[in-house]
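Only one structure is covered here, and it is reproduced in the block below.
As the structure lists them, so they are numbered: ligands from 1, and atoms in each ligand from 1. Heavy-atom basis, side chains included; hydrogens, waters and symmetry copies ignored.
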Amino acid sequence: MAQLRSFIVLLLLVVFFDDHVSYGEAAFSIADYGAKSDGRSDSTKSLLAAWEAACGSAGSATMHVPAGDFLVGQATFAGPCSSGKITVQIDGTLVSPSDLGGAGDWLLFHHVEGVSVYGGTVDGRGSSLWACKAAGRSCASGASSLTFRNSKDITISGLTSTDSELYHIVIDGCDGVTVQNVKITAPGNSPNTDGIHVQGSSHVTITGAGIKTGDDCISVGPGTTNLWIEQVACGPGHGISIGSLGKGYDEEGVENVTVNTAVFTGTENGLRIKTWGRPSQAFVKGVVFEHAVMQNVQNPIIIDQNYCPGDRGCPDQSSGVKISGVTYNDIHGSSASEVAVNFDCSASNPCTGIGLQDIKLTYGNTAAESSCKHADGTASGFVVPPSCL
Ligand SMILES: *[C@@H]1O[C@H](CO)[C@@H](O)[C@H](O)[C@H]1NC(C)=O
């Protein structure tokens, strides 16, 4: 009776104090669809059933993953949905079976609009795939942990992603994505475990991320425009990279990217642009890198237009990717190698409009150096090592 009374009081409170309560609002817990929080029972079907219910709701809907560990195999959350506002509230952990084979994507959302993922942990359990790769055996291709593809108006907030087999978070073919306060962790020697990969997407904002991984902290692929990255801590890992670009000839360009207030600790690169040394009509234009701190970073500032792994398919060719309008402003800290600023641009398509302003990068107790090939631009303010532009 007392329980019923408090339930009614709560209900009244909700109705009186939340003027967003709409009659179509609905909540679907995966527990109500049979999911077990023991980390061993396969909860894939329960998760998909809860998604179908949320997706089919007329008004806003919440899909809830309660506390505990839920074993989930490859799962595709497909739209379009009837509901235009779906909240995926994760309090517990989604655990991968660790043998995703060639799935490509573990948790895949596609053709959805107005979906927000809050909190929780996704554990890709990638260590057996990494061990296979390290042993040089022939391995499955694996899966990225969380992918949004061809979607609009997406939020990922407060999520922790750990030990992905491949990329942790992928934003592909999306418009309007906010990624905030995510935490990504994988060992520094885990292969291909990029933190956040963005490609073919517009209006993506990544703020407040802490990313420790074995590959790029954030990687930016072809067709990315209007990308904003702010307050990101990277390391270990390979740093923030625009590219690799220009592997294909008909590739889309990258335009209007800002990286603001990033801290790199012990990473292989800091702020990198990387293109294949082969013909392409791709481009990179309008990039601002500002207010970055480098702590013992191998290549704090680098443009590498001669990427050609294994020297296969591109020896003696130069990159067709045109890089223009790239500004570096207020970048300071320590380099772990002598060449702290390295612009190795394409002989056939030199970099233009490179700007250096207020740079202070040191290399131990000796002076760091700059290196320029086919790079044109200007330096202003205090610039150490001295500009070679
Ligand atoms: C560049 O992108 C930012 C968002 O990152 C946006 O606010 C701004 O309007 C874009 N600039 C242009 C010229 O499109």
Between Ser346 and Ser319, is there a side-chain donor-acceptor contact under 3.5 Å, judged purely by atom types and distance?
no
May I ask whether atom 5 (O) of ligand 1 is less than 4.0 Å from at least one protein heavy atom?
yes
Going by the atom numbers of ligand 1, which of them fall below 4.0 Å from some non-hydrogen atom of Trp228?
5 (O)
Flag atom 11 (N) of ligand 1 as yes if some protein heavy-atom distance to it falls below 4.0 Å, otherwise no.
yes
Which atoms of ligand 1 have any heavy atom of Asn256 under 4.0 Å away?
1 (C), 2 (O), 3 (C), 8 (C), 10 (C), 11 (N), 12 (C), 14 (O)
Are side-chain N/O atoms of Asn299 and Asn342 paired as donor and acceptor at under 3.5 Å?
no
Measuring from Asp38:CG to Arg40:CZ, what's the distance to the nearest 0.5 Å?
5.0 Å
Could you label the plane-to-plane angle of the Phe109 and Phe148 rings as parallel, tilted or perpendicular, counting under 30° as parallel and over 60° as perpendicular?
parallel
